[in-house]
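Here, residue 1 is the first one in the sequence, and each next residue gets the next number.
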Amino acid sequence: MGVSGSGKSTIGIALAESLGLTFIDGDDLHTPAAKAKMGAGQPLNDEDRAPWLEIIARRIADELAAGHPIVVACSALKRRYRDLLVSHAPSTVLIHLAGDRALISERQAGRNHEYMPNSLLDSQFAALEPLEADERAFAVSLAQTPDAIIADIRTRLDALDAAGASTEEVTA
Ligand SMILES: Nc1ncnc2c1ncn2[C@@H]1O[C@H](COP(=O)(O)OP(=O)(O)OP(=O)(O)O)[C@@H](O)[C@H]1O
Ligand SMILES: O=C(O)[C@H](O)[C@@H](O)[C@H](O)[C@H](O)CO
C-alpha cells in the first residue's frame with residue numbers, strides 16, 4: 001500500500017516473484033470512469049473507491065479460497081479501506097511503502113502512468129492515514145533499492161511467521 005508513485009506495482013511484482021506468489025495490481029481493477037476521473041486531475045473520493053475496494057477484496061478472498069496466497073498492490077490509503085480488505089481476508093499483512101513526498105514526486109516524474117497525473121500526489125498524501133498499532137501491518141522505507149526493500153519485507157514477514165502469524169496474503 002501507499003500513495004501513487006510509492007512503488008506498489010514495482011515492489012509488488014518483485015515481491016510476488018520472490019515469494020513465488022501470484023500478483024494482482026489494484027490499478028488494473030479500476031473502472032474506465034475512475035481512470036478518466038483521475039486522468040482529468042480529479043482525486044477519487046470514498047464513493048468512487050468503495051466498489052473498487054470491494055472488487056479487490058473479493059479477488060483476494062477468491063484466490064485464498066482457491067489456495068493461492070497472493071500479493072496485491074493497492075493504495076489502501078485510509079484505515080477503513082484497509083479494514084474492508086482485511087474483513088475479506090483476515091490473514092492479510094499490510095505493507096506500507098513509506099517515504100517523503102519529494103522522493104516520490106521525483107519517481108513519478110521518471111515515469112508515464114496510464115492515467116495518474118503527478119498533480120494528484122498531494123491529494124494522495126491528504127487521504128493517507130498512517131498505519132495504526134492494531135493493524136497487522138508494517139511500513140518499509142521506499143528510499144532503498146527494490147532488492148533492499150524486498151529483503152526488508154521478507155525479514156519482517158519471517159519475523160511475523162516466527163511470531164506465529166501465518167502470512168497467507170500480503171498487500172503492498
Ligand atoms: N525502490 C525504488 N527505487 C527506485 N525507483 C523506484 C523504486 N520503486 C519504484 N520505483 C520507480 O518509481 C516509479 C513509480 O513506481 P510504481 O509505478 O511501482 O509506483 P506505484 O505505487 O505503483 O504507483 P501508482 O500507484 O501511481 O501506479 C516507477 O518509475 C518505478 O520504476
Ligand atoms: O486510491 C486512489 O486514489 C487510487 O487507487 C490511486 O492510488 C491510483 O489508482 C493509483 O495510485 C494509480 O496511480
Kindly indicate, with the supporting measurements, whether the criterion side-chain contact (heavy atoms from CB on, under 4.5 Å) is fulfilled by Val140 and Ile95. CA-CA 7 Å; Val140 290; Ile95 302 171; 4.0 Å; yes

side-chain contact (heavy atoms from CB on, under 4.5 Å) between Val93 and Arg156, intermediate numbers included
CA-CA 10 Å; Val93 176; Arg156 304 287 294 274; over 6 Å; no

- Which is it for Met1 and Leu131 under the side-chain contact (heavy atoms from CB on, under 4.5 Å) test, yes or no, and what are the steps along the way? CA-CA 10 Å; Met1 57 163 281; Leu131 292 174; 3.8 Å; yes

| Stepwise, does the side-chain contact (heavy atoms from CB on, under 4.5 Å) test hold for Trp52 with Thr31? | CA-CA 8 Å; Trp52 170 65; Thr31 61; over 6 Å; no

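The aromatic rings of His30 and Tyr115 sit perpendicular to each other, their planes meeting at more than 60°, with 30° as the lower class boundary.
The closest donor-acceptor contact from the side chain of Arg107 to the backbone of Gly5 lies at 3.5 Å or more, if one exists at all. Asp158 places no side-chain N or O within donor-acceptor distance of the main-chain N or O of Thr155, the cut-off being under 3.5 Å. Here the side chain of Lys37 pairs no donor or acceptor atom with the backbone of Leu44 at under 3.5 angstrom. One N or O on the side chain of Glu135 and one on the backbone of Glu132 form a donor-acceptor pair closer than 3.5 Å. Remark: side-chain polar atoms of Arg79 are not paired, donor with acceptor, to backbone N or O of Pro130 under 3.5 angstrom. In this structure, Ser87 contributes its side chain and Leu84 its backbone to a donor-acceptor pair below 3.5 Å. Judged purely by atom type and a 3.5 angstrom limit, Thr10 has no side-chain atom pairing as donor or acceptor with the backbone of Gly7.
In this structure, Leu64 and Ser91 have side chains that are in contact, with non-hydrogen atoms separated by less than 4.5 Å. Side-chain contact check for Arg49 versus Asn45: every heavy-atom pair is 4.5 Å or farther apart. The side-chain heavy atoms of Asp48 and Pro43, taken from C-beta on, include no pair separated by under 4.5 Å. Counting heavy atoms from C-beta outward, Arg111 and His113 have side chains that approach closer than 4.5 Å. Phe138 is listed as a side-chain neighbour of Ile153, based on a closest heavy-atom distance under 4.5 Å. Counting heavy atoms from C-beta on, the side chains of Gln124 and Met116 come closer than 4.5 Å. Using a 4.5 Å heavy-atom threshold, the side chains of Val71 and Ile11 count as separate.
Ion pairing between a basic and an acidic side chain is recognised when a charged N comes within 4.0 Å of a carboxylate O; Lys35 and Asp27 show no such pairing. A salt bridge does not link Asp62 with Arg58: none of the charged nitrogens is closer than 4.0 Å to a carboxylate oxygen. Between Arg101 and Asp122 there is a salt bridge, since a side-chain N of the basic residue sits under 4.0 Å from a carboxylate O of the acidic one. Contact check on Lys78 versus Asp46 returns a salt bridge, with a Lys/Arg side-chain nitrogen under 4.0 Å from an Asp/Glu carboxylate oxygen.
Here OG1 of Thr22 is found 9.0 Å from CZ of Arg59. Values are rounded to the nearest 0.5 Å. Remark: Leu97 CG to Ser141 OG distance equals 9.5 Å, nearest 0.5 Å. In this structure, NZ on Lys8 lies 14.5 Å from CG on Leu15, to the nearest 0.5 angstrom. Between the SG atom of Cys74 and the OH atom of Tyr81 there is a distance of 10.0 Å, given to the nearest 0.5 Å. Rounding to the nearest 0.5 Å gives a distance of 11.5 Å between CG of Asp83 and NE2 of His88. Distance check: Asp152 CG to Leu142 CG gives 11.0 Å after rounding to the nearest 0.5 Å.
Residues Phe125 and Leu120 do not share a hydrophobic cluster, clusters being chains of Ile/Leu/Val/Met/Phe/Trp/Tyr side chains in contact below 4.5 Å. The same ILVMFWY cluster, assembled from side-chain heavy atoms under 4.5 Å apart, contains both Leu53 and Ile70. A single hydrophobic cluster is not seen to contain both Leu121 and Met38; linkage of ILVMFWY side chains at heavy-atom distances under 4.5 Å, directly or through other members, places them apart.
With no hydrogens or angles considered, no side-chain donor-acceptor pair links Arg136 and Thr92 at under 3.5 Å. Between Ser4 and Gln108, the side chains place a donor N or O and an acceptor N or O closer than 3.5 Å (distance only, hydrogens not considered).
More than 12 heavy atoms of other shown residues, nucleotides or ligands fall within 6.0 angstrom of atom CD in Glu54.
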